[in-house]
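Keep in mind it's a predicted model, so treat the numbers as computed, not measured. Every chain is numbered from 1, with letters handed out A, B, ... down the list of sequences.
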4 protein chains.
Amino acid sequence: MSDPKTGVPLQEEGDDQECPRWRRRAEARPGEILDAAMEMFVEKGFAGTRMEEIAQRAGVTKGTVYLYYESKEALFRAVVQDNILPSLEEGERTVAEWTGSSADLLAELMRRKWQMIGRSRLSCVPKLMTSEAANFPELARFYMEEVVHRGRRVLESVLRRGIEGGEFRPELDVRTAVRVIQSPLLNAVTHMQSLQRFDDEELDFDAFVDVAIDIILRGIAANGDKDGSDA
Amino acid sequence: MSDPKTGVPLQEEGDDQECPRWRRRAEARPGEILDAAMEMFVEKGFAGTRMEEIAQRAGVTKGTVYLYYESKEALFRAVVQDNILPSLEEGERTVAEWTGSSADLLAELMRRKWQMIGRSRLSCVPKLMTSEAANFPELARFYMEEVVHRGRRVLESVLRRGIEGGEFRPELDVRTAVRVIQSPLLNAVTHMQSLQRFDDEELDFDAFVDVAIDIILRGIAANGDKDGSDA
Amino acid sequence: MSDPKTGVPLQEEGDDQECPRWRRRAEARPGEILDAAMEMFVEKGFAGTRMEEIAQRAGVTKGTVYLYYESKEALFRAVVQDNILPSLEEGERTVAEWTGSSADLLAELMRRKWQMIGRSRLSCVPKLMTSEAANFPELARFYMEEVVHRGRRVLESVLRRGIEGGEFRPELDVRTAVRVIQSPLLNAVTHMQSLQRFDDEELDFDAFVDVAIDIILRGIAANGDKDGSDA
Amino acid sequence: MSDPKTGVPLQEEGDDQECPRWRRRAEARPGEILDAAMEMFVEKGFAGTRMEEIAQRAGVTKGTVYLYYESKEALFRAVVQDNILPSLEEGERTVAEWTGSSADLLAELMRRKWQMIGRSRLSCVPKLMTSEAANFPELARFYMEEVVHRGRRVLESVLRRGIEGGEFRPELDVRTAVRVIQSPLLNAVTHMQSLQRFDDEELDFDAFVDVAIDIILRGIAANGDKDGSDA
DNA sequence: AATGAATGAGACTTCATTCAT
DNA sequence: GATGAATGAAGTCTCATTCAT
């Protein structure tokens, strides 16, 4: 969780003990504002969003937003950071604990990521960072290092493990392959947050993930083995 | 080409007849302005870009921009449309005329698209439309129909042809597979236009396209045939 | 004393009769708030001071200030009036009762005024009125009449008495001379409240008063007598 | 002259050569705005003045002010600096070149200062700096050093010269006396800029200066000589 | 065709004031 | 009596757009 006031990451302070009734509502505020801001930023972009719209959508007035976030920029940073942080270690743990085949691990990672992204607020981040990178260079660097690079490392380790186990083709250029493998999900999420509503050809996202897994696993499988994770 | 003044698609008007010497230079203006606008819009987004920055980058003053484009919105529409239109029929012609294998056709299409996109101004469009869709709904619909859907139709026809010819797996869900297949390139282009500069892990785009083609062709190949287009 | 609520001058109302124990502390509040307000107004000016700063400095919260003063303006008026009123008749009494020489009386008045001003809260008033006159015309008129003009009358009477007694030069333009005579102290007080802290050349205010008295008394002394009050 | 944009002192640039007709007006703008700002700042203080009022008084609109001054603060700094700078060396030159008596020199300096201050825009500075010192500490320091201290040095040198020449009393505490001597004029100027309009007792400023000179010169004169500069 | 001074609507932000607790 | 969350009017500043030259 980041400090609502500045948007800077923050370690826990244990000051939640005594809490008058009427603060309950107050403490929910930053969350409501954050959600409203996220939706607006995704829809209209940072510069295209008015603070008043965010306030309205959160059910408060302009001034109230400033009680919790000291500027529009701080609010944007908070949207990105608060939505990223909870999901950071997720994938790394799964890989470390996995005992099955590498193909199954890869499939599992993609499905899980899909679930997490698709149904949580994390899904806004790739679209936001793509759109606003140049306007928030600090944040962009943070995102690249703590999210993108870390995500790549995880996938690379899975690929190497699969190659060593003879599951995946040994001649694969691991670093490049990882980027290819990430593409379908990344694309789907971004599309969902922007052009989706103008696309009259609907997409069954669960089916999409299955097809992506299928094609990728066949695409990287070693010779004799062309079974994807779901026959 | 769209009418510089309104940014609305336009069929040729034969009004170039009388053309004093000094208009030559003048007619180069819209192009310079368009390029400058494209760069700024990609970098900072529509709302985040100031007309004066565009003018400066184009080497003119603010007022001059308004001689050619009647508003900031018209300029944005012109950037998108003028960069889209030239490439529209491209793929369709290639498919219609192709006589080789479907796998080779698919690989050729991807490489060609890459060349076109990677080296032309078209590459800005996916990023722009992703970021600004909600702010330009008309344009978004136009883009979805005339570019995205048409592009899908082309790839679908290639897949069907490959399936009929026994090259690709018959059980493929064609419409979904198309979206998976498009992802790597789409992703690469978008990344290039936004987060790339914050990514210290460089990427050899030509290699990336080859790996993507390789994985995809293997991923969709029918049983006995797992050769990608370049062994 | 002015009514804390409105800042309007007020004759005593006998409403202090019933007074529970816990009001004791509460009745100290206006004083603390008034002092805090005075300091802030002197430092930052009326418009430049925030109610919250005043509250903080007084050790209460914003809401509490409004329990005692109905608006920021009322608080400002109270600062000025409450600091002026106690000192109003002071000088007049001294003159009426004086039996010594006029030169000594003048010196005594200046020293006493200095003591009163220099060490009391009255010293903020000239600076405040100089800075905010145009924003508080009512108050400015009140100040001019009840303080400035009354002060001039007092000094004029001293001068006239000295002239009649042959101590001071008879050709003196009394009304103008009074203003000259007032200048050094007025200036010192104002300087103390504003630029003093940026002045690295310190000033011994007691010595300053002595020098001022010395120069002035010599400056206005009649022929044979050029002794200041302190030889 | 300070750079209109930032308010920072500036050395001359000789770029006035070719000047289209319509720039004439434009180049007068900063001056008009500066005058308007000066009047408003003196009247209402820095925080109490609205940019729109300044614009209106200068006969332009809000936006225009920002073409010439990048912020309200920069405008304030420009008001102070542009009004101070022209008068800086003035007094020092007079003293250096003087050949008459020290008493006459002192009287001349005071009269000249009065003329300069009383009739020029410089007169606003003492009031502004007194009121806003705490809000513009940089400027306050600049003012103290370049104006106040320099002014004191000049007067001190005159006093010392008079003492050495036997005109003024040798036991004078020069540094303190200087402050006493400066008071009347300083006070008059400040009063004129603030409380004057609420003071129904008018003051003949020229007479005031004469009386001040008279009292001061007698006040500091050595024994036998009690002639002011004007018998 | 080109300029750049000027405009003014509109955005971000602040802060005096209110009020439920 | 005291609090501090909430409000919304008002102020600073920006920038798309216009227009005289």
(request) State which of dG4(F), dA5(E), dC13(F) makes the closest approach to the side chain of Thr61(C). (result) dG4(F)
(message) Are Tyr68(C) and Leu75(C) packed together at the side-chain level, in the sense that at least one heavy-atom pair is separated by less than 4.5 angstrom?
(response) no
(request) Starting from Watson-Crick (N1-N3 plus N6-O4 or O6-N4) and G-U wobble pairs under 3.5 Å, report the runs of at least three that DNA chain E belongs to. (result) E:2-21 with F:2-21
(request) Round to the nearest Å and state the distance from Glu32(A) atom CD to dA5(F) atom C1'. (result) 13 Å
(message) Could you check whether Lys44(B) pairs with Glu132(A) (Lys NZ or Arg NE/NH1/NH2 to Asp/Glu carboxylate O, under 4.0 Å)?
(response) no
(request) Measure the spacing between CZ of Phe142(D) and CZ of Arg77(D) and express it to the nearest 0.5 Å. (result) 12.0 Å
(request) Let me know, please, whether Gly63(A) or Gly63(B) comes out on the 5' side of the other along DNA chain F by nearest nucleotide. (result) Gly63(A)
(request) Flag the pair Leu34(C) / Tyr69(C) as yes when at least one side-chain heavy-atom distance between them is below 4.5 Å, and no otherwise. (result) yes
(message) Please report the distance, rounded to the nearest Å, between CD1 in Ile33(C) and C1' in dA2(F).
(response) 11 Å
(request) Round to a whole Å and report the spacing from CD of Gln56(A) to P of dA6(F). (result) 17 Å
(message) Are Met40(C) and Arg50(C) packed together at the side-chain level, in the sense that at least one heavy-atom pair is separated by less than 4.5 angstrom?
(response) no
(request) Side chain of Thr64(A) only, please: which of dC12(E), dT7(F), dT14(F) is the nearest? (result) dT7(F)
(message) What's the closest nucleotide to the side chain of Val60(D) if the choices are dT7(E), dT18(E), dT3(F)?
(response) dT7(E)
(request) Send over the distance from Tyr69(A) OH to dT13(E) P, rounded to a whole Å. (result) 15 Å
(request) Take atom OH of Tyr66(B) and atom P of dG4(E), then tell me their distance rounded to the nearest Å. (result) 16 Å
(request) Nearest whole angstrom, please: distance from the C1' of dC15(F) to the CZ of Phe76(B). (result) 18 Å
(request) Output the single nucleotide from dT14(F), dA16(E), dG1(F) whose closest atom is nearest the side chain of Tyr68(C). (result) dG1(F)
Using distance only, find each side-chain donor-acceptor pair of residues 56-64 of chain A under 3.5 Å and give its atom names and separation, not counting sequence neighbours.
{"from": "Arg57(A)", "atom 1": "NH1", "to": "Glu39(A)", "atom 2": "OE1", "distance (Å)": "2.6"}

(request) To the nearest 0.5 Å, tell me how far Thr130(C) OG1 sits from Lys127(D) NZ. (result) 7.5 Å
(request) Return yes if the base of dG10(E) and the side-chain atoms of Lys62(D) contain a donor-acceptor N/O pair under 3.5 Å, otherwise no. (result) yes
(request) Could you check if a side-chain atom of Phe41(C) sits within less than 4.5 angstrom of a side-chain atom of Ile54(C), using non-hydrogen atoms only? (result) yes
(message) Using a strict heavy-atom distance below 4.0 Å, which residues from residues 35-55 of chain B are in contact with DNA chain E?
(response) none
(message) In the structure I gave you, are the side-chain heavy atoms of Glu73(B) and Phe46(B) within less than 4.5 Å of one another anywhere?
(response) yes
(request) Measure the distance from CG on Leu67(B) to P on dT17(F) and round it to the nearest whole Å. (result) 14 Å
(request) Give the nucleotide from the list dT17(E), dC12(E), dA5(F) with an atom nearest to the side chain of Lys72(C). (result) dT17(E)
(request) Would you check if Phe76(B) and Leu139(B) make a side-chain contact, meaning some heavy-atom pair closer than 4.5 Å? (result) yes
(request) Report the distance from atom CD of Glu70(C) to atom C1' of dT17(E), rounded to the nearest whole Å. (result) 12 Å
